[in-house]
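Worksheet: one structure, shown below.
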Amino acid sequence: MAFQPIGRILPSAVQKAGISRQVEATRVLEISRECLAKLWDDEKAAHVDVVSFAGGELRVFSRQPAAVQELRMWDVRLRNEINRQLGGKIVHTLRIMHG
């Protein structure tokens with residue numbers, strides 16, 4: 001039996017296990033954090049929490065009004081960068097929550 005690369009085996013294993021949505025959501029959250037830190041500096045990005053992803057909607061939260069305002073201005077650019085990193089239009093909307 002010949003060995004197959006993990007990159008070829010893993011997608012079907014994830015799908016068979018029924019966890020493809022969870023894996024996709026985790027990937028989106030991680031890439032979103034990276035993109036936010038890349039587009040902003042680490043100090044500003046620290047004021048924003050990437051909360052969840054489901055159904056094409058990415059939810060982010062901040063207690064800082066200035067961060068919320070800036071996120072609204074960066075909405076399209078941030079989504080575009082996240083989707084570019086993901087390799088497709090995965091994130092359709094960005095819901096910015098504040099408290």
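All values below come from the heavy atoms of this structure, side chains included, with hydrogens, waters and symmetry mates left out. All values derive from a computational prediction rather than experimental measurement.
Using a 4.5 Å heavy-atom cutoff, the side chains of Glu57 and His92 are not in contact. At least one side-chain heavy atom of Val48 sits under 4.5 Å from a side-chain heavy atom of Leu71.
Taking hydrophobic clusters as Ile, Leu, Val, Met, Phe, Trp and Tyr residues chained together by side-chain heavy-atom distances below 4.5 Å, Leu58 shares a cluster with Leu39. Placement of Met73 and Val91 within a single hydrophobic cluster is found when ILVMFWY residues are connected by side-chain heavy-atom separations under 4.5 Å, directly or transitively.
Note on residues 66-77: pairs passing salt bridge (charged side-chain N to carboxylate O under 4.0 Å, His left out), not counting sequence neighbours, are Lys44-Glu70, Asp75-Arg79.
To the nearest 0.5 Å, the span separating NE2 on His47 from CG on Asp42 amounts to 11.5 Å. Separating the SG atom in Cys35 from the CD1 atom in Ile82 is a distance of 5.5 Å, to the nearest 0.5 Å. For the atom pair Leu36 CG and Ile31 CD1, the distance stands at 13.5 Å (nearest 0.5 Å). The CG atom of Asn80 sits 12.0 Å away from the CD atom of Gln85 when rounded to the nearest 0.5 Å. Atoms CD1 and CG, from Ile96 and Leu78 in turn, are 8.5 Å apart once rounded to the nearest 0.5 Å. To the nearest 0.5 Å, atom CD of residue Glu24 and atom CZ of residue Phe53 are 5.0 Å apart.
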Exercise. Determine, step by step, whether Val68 and Phe61 satisfy the side-chain contact (heavy atoms from CB on, under 4.5 Å) criterion, reporting the C-alpha distance in whole Å, the side-chain angles of both residues, the deciding distance to 0.1 Å, and the verdict.
Key: CA-CA 8 Å; Val68 170; Phe61 176 81; over 6 Å; no
Practice problem: Take Val51 and Val60, measure what side-chain contact (heavy atoms from CB on, under 4.5 Å) needs, and give me the verdict at the end. | Solution: CA-CA 5 Å; Val51 179; Val60 296; 5.7 Å; no
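With salt bridges taken as basic N to acidic carboxylate O contacts below 4.0 Å, none links Glu30 and Arg27.
Ser32 approaches Val50 most closely through the heavy-atom pair CB-CG1, 4.0 Å.
Side chain of Ser62 to main chain of His98: no donor-acceptor pair is present (N/O by atom type, distance under 3.5 Å, no hydrogens or angles).
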